[in-house]
Amino acid sequence: MNKLKIYNTLSGKKEEFKPILKDHVGMYVCGPTVYSDVHIGNVRTFLSFDIVYRYLKFLGYSVRYVRNITDVGHLLNDEDSGEDKIGKQAKLMNLEPMEVVQHYTNGFHDVMKAFNITPPSIEPSATGHLIEQIEMVQEIINNGFAYEAGGSVYFDVEKYHDKFHYGKLSGRKIEDLISNTRDLDGQSEKRNPLDFAIWKKADESHIMRWNSPWGEGFPGWHLECTVMSTKYLGDTFDIHGGGMDLKFPHHECEIAQSKGGGKSEPANYWMHTNMLTMNGAKMSKSVGNVVSIEQLGSGDHPLLEKGFSEMVIRFFMMQSHYSSTLDLSSSAIAAAEKGFEKLMTAMETLKSLSTSDSSSVDVNTLVEKFATAMDDDFNTPILIAHLFDGVKMINSINGEKETISKSDLELLQNNMNSYVWNVLGLKPEESKGTKDELTEELMSLFIRLRKEAKDNKNYSLADEIRNKLTSLSITLKDTKDGTSWEKE
RNA sequence: GGUCUCGUGGCCGAGCGGCUAGGCAGUGGUCUGCAAAACCAUCUACAGCGGUUCGAAUCCGCUCGAGACCUCCA
């Protein structure tokens, strides 16, 4: 049944997915550095891997999904004077670093929940794995691929490259890297500017520090992912994911650390999600073109005409493939919003379709297309296109232009429900506005009065009721089964 | 400067050698007292110039344009 193909960055090709163990999959995704609010670009990455996680489970795999929290070691830049991101924020906010970590971790979890992104099986944090990281550093030194200098420990890239291949993931040539970094080389204690820190000495101003064989310091950023992924998933696991911008140097360094530390190739499949752009440029904290989750929800941003719900944005993002860049614009999300509503309406209709003795529609073929789309490297835009074929089918049956048998209806319902709710992880919008009991009573009164007026051909009164409600941003919908209402 | 990716109809976005997704908008209908909503139908493409091929949006080359990575970023 399972012909799932995944684009593997390591080989540069789409490959058939073969897990190490028959029914189990180990997946590691680089999580956020919790020093500021997550933005909508972060959401895209975690959403993409949520689809991967959900689909693997849908296929029947038992998946162990590890996604870390980076709470130490992530420097503002790669120079020796680089400040730790968490530490800097802690000073700015006058807080204990762990308060900063907790604050933004909570925020991250709230956002993930709002977007219906499934929590991982294990969410380890870097500070919780200091012992393992120190052991790993020692192991790499013992193997001769790292050296101590002035209280810090650096990974010896050239020495590693003599035996292994530094650049195999990112396709970089070590000669180019050397020539590109030569001019940046200052009074560094590194033997080679390419070398990266796996343990950093903490200077006096540094508040996050731990004892180690090399003195007080803190672990290098790349190290935590190597340690935590292999600790929970084994030396070699199935899928390693992250944003495209982590491919180099972060993931390249992870491979080097694993092998330099005497372990095997860390992951069989490397998956990289592409960036979300805003006005054609990557949305990032350093560029400053970041749209926050709150701004997207409220529409309070110069580039947004209105606010959008999390589910609409989820749907919008899944209309493009994870490996393509996606440009965010108000009109594009608004278009997705209409489409999303159309899909949700059809899902509601699907619940109560009436059946016939035979089917005039071909449910089997449609349902097969759902699986084919997802098997082709999680192609959600194709899946959504086929789901809209399903929408058309549902509406035609509802309009009595087509018929469906009882067994076909069950097949259609099961599959539409599975793919829309479980695989894509969508959920119906909670009704906006205040639909409390009093409002419901009042509205049904208005609707009844208007109907009476209409029955008496008193259209001016009927229209007055409707216009007044419209001015209160309440929309009446006349259908053959009566009138319903909606508050904007 | 080096490495790489991409340019698809009014907009967003699939496609990866032949059968020209899908959504939104537009247009024409159905329904309706009229609307709205809903539904049905339908029109606009493959940056440009060459080449390979019986056949190219899809492969190759060049030109123009956009972006990413090489430094923190999902």
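Chain letters run A, B, ... following the sequence lines, proteins first and then strands; every chain starts at 1.
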(message) Regarding A/Ile333, tell me which of base, sugar-phosphate or nothing describes its non-hydrogen contacts under 4.0 Å with the strands shown.
(response) nothing

(message) Going by side-chain contact (heavy atoms from CB on, under 4.5 Å), name the residues that satisfy it together with A/Thr483, two or more places apart in sequence or in a different chain.
(response) A/Ile447, A/Arg450, A/Leu476, A/Asp478

(message) Please list, in numerical order, the residues of residues 387-398 of chain A that have a heavy atom closer than 4.0 Å to any atom of RNA chain B.
(response) A/Phe388, A/Lys392, A/Asn395

(request) Tell me which nucleotide among B/G33, B/A14, B/A36 gets nearest to the side chain of A/Lys477. (result) B/A36

(message) Given B/A14, B/G33, B/C70, identify the nucleotide with an atom nearest to the side chain of A/Pro249.
(response) B/C70

(request) Give, ordered by number, those residues of residues 113-122 of chain A having at least one heavy-atom distance below 4.0 Å to an atom of RNA chain B; if nothing qualifies, reply none. (result) none

(message) For a quick check of understanding: with a heavy-atom distance under 4.0 Å over all strands, which category does A/His250 fall into, base, sugar-phosphate or nothing?
(response) nothing

(request) Go through the structure and list residues passing salt bridge (Lys or Arg N to Asp or Glu O under 4.0 Å) with A/Lys477, not counting sequence neighbours. (result) A/Glu486

(request) Hey, could you give me each pair passing salt bridge (charged side-chain N to carboxylate O under 4.0 Å, His left out) that has a residue in residues 310-328 of chain A? Not counting sequence neighbours. (result) A/Asp50-A/Arg314

(request) Could you please name the option among B/A74, B/C24, B/C34 that lies closest to any side-chain atom of A/Leu246? (result) B/A74

(request) For A/Asp156, enumerate each residue passing the side-chain contact (heavy atoms from CB on, under 4.5 Å) test, keeping only those at least two apart in sequence or located in another chain. (result) A/Tyr147, A/Glu158, A/Lys159, A/Arg191, A/Asp195

(message) Once salt bridge (Lys or Arg N to Asp or Glu O under 4.0 Å) is applied, do any residues pair with A/Lys401, and if so which ones, sequence neighbours excluded?
(response) none

(message) Please pick, from B/A35, B/G22, B/G2, the nucleotide with the shortest atom-to-atom distance to any side-chain atom of A/Asp176.
(response) B/G2

(message) Measuring only the P atom in each nucleotide, how far is B/A57 from B/C19? A whole number of Å is fine.
(response) 9 Å

(message) Need to verify one output field. Residue with the more 5' nearest nucleotide on RNA chain B, A/Asp245 or A/Phe340?
(response) A/Phe340

Could you pull out the protein-nucleic contacts involving nucleotides 25-27 of chain B (nitrogen or oxygen on both sides, under 3.5 Å)?
{"unit_1": "B/A25", "atom_1": "OP1", "unit_2": "A/Lys338", "atom_2": "NZ", "d": "2.8"}

(request) Only counting residues at least two apart or in another chain, list the ones meeting side-chain contact (heavy atoms from CB on, under 4.5 Å) with A/Thr403. (result) A/Ser356, A/Ser360

Any protein N or O atoms within reach of nucleotides 5-12 of chain B? Criterion: under 3.5 Å, listing atom names and distances.
none

(message) Given B/C70, B/A14, B/A74, identify the nucleotide with an atom nearest to the side chain of A/Arg172.
(response) B/C70

(request) Apply side-chain contact (heavy atoms from CB on, under 4.5 Å) to A/Asn274 and list each qualifying residue two or more places apart in sequence or on a separate chain. (result) A/Arg44, A/Met244, A/Thr325

(request) Go through RNA chain B and write down every stem, that is, every run of at least three consecutive Watson-Crick or G-U wobble pairs with distances under 3.5 Å, as range with range. (result) B:1-7 with B:64-70, B:10-12 with B:22-24, B:26-30 with B:38-42, B:47-51 with B:59-63

(message) Between A/Asp110 and A/Lys113, does any side-chain N to carboxylate O distance fall below 4.0 Å?
(response) no

(request) Describe the nucleic acid contact of A/Ser320 in one word from base, sugar-phosphate, nothing, applying a heavy-atom distance below 4.0 Å. (result) sugar-phosphate

(message) Rounding to an integer number of angstrom, what distance separates B/C46 and B/A21 when you compare their P atoms?
(response) 14 Å

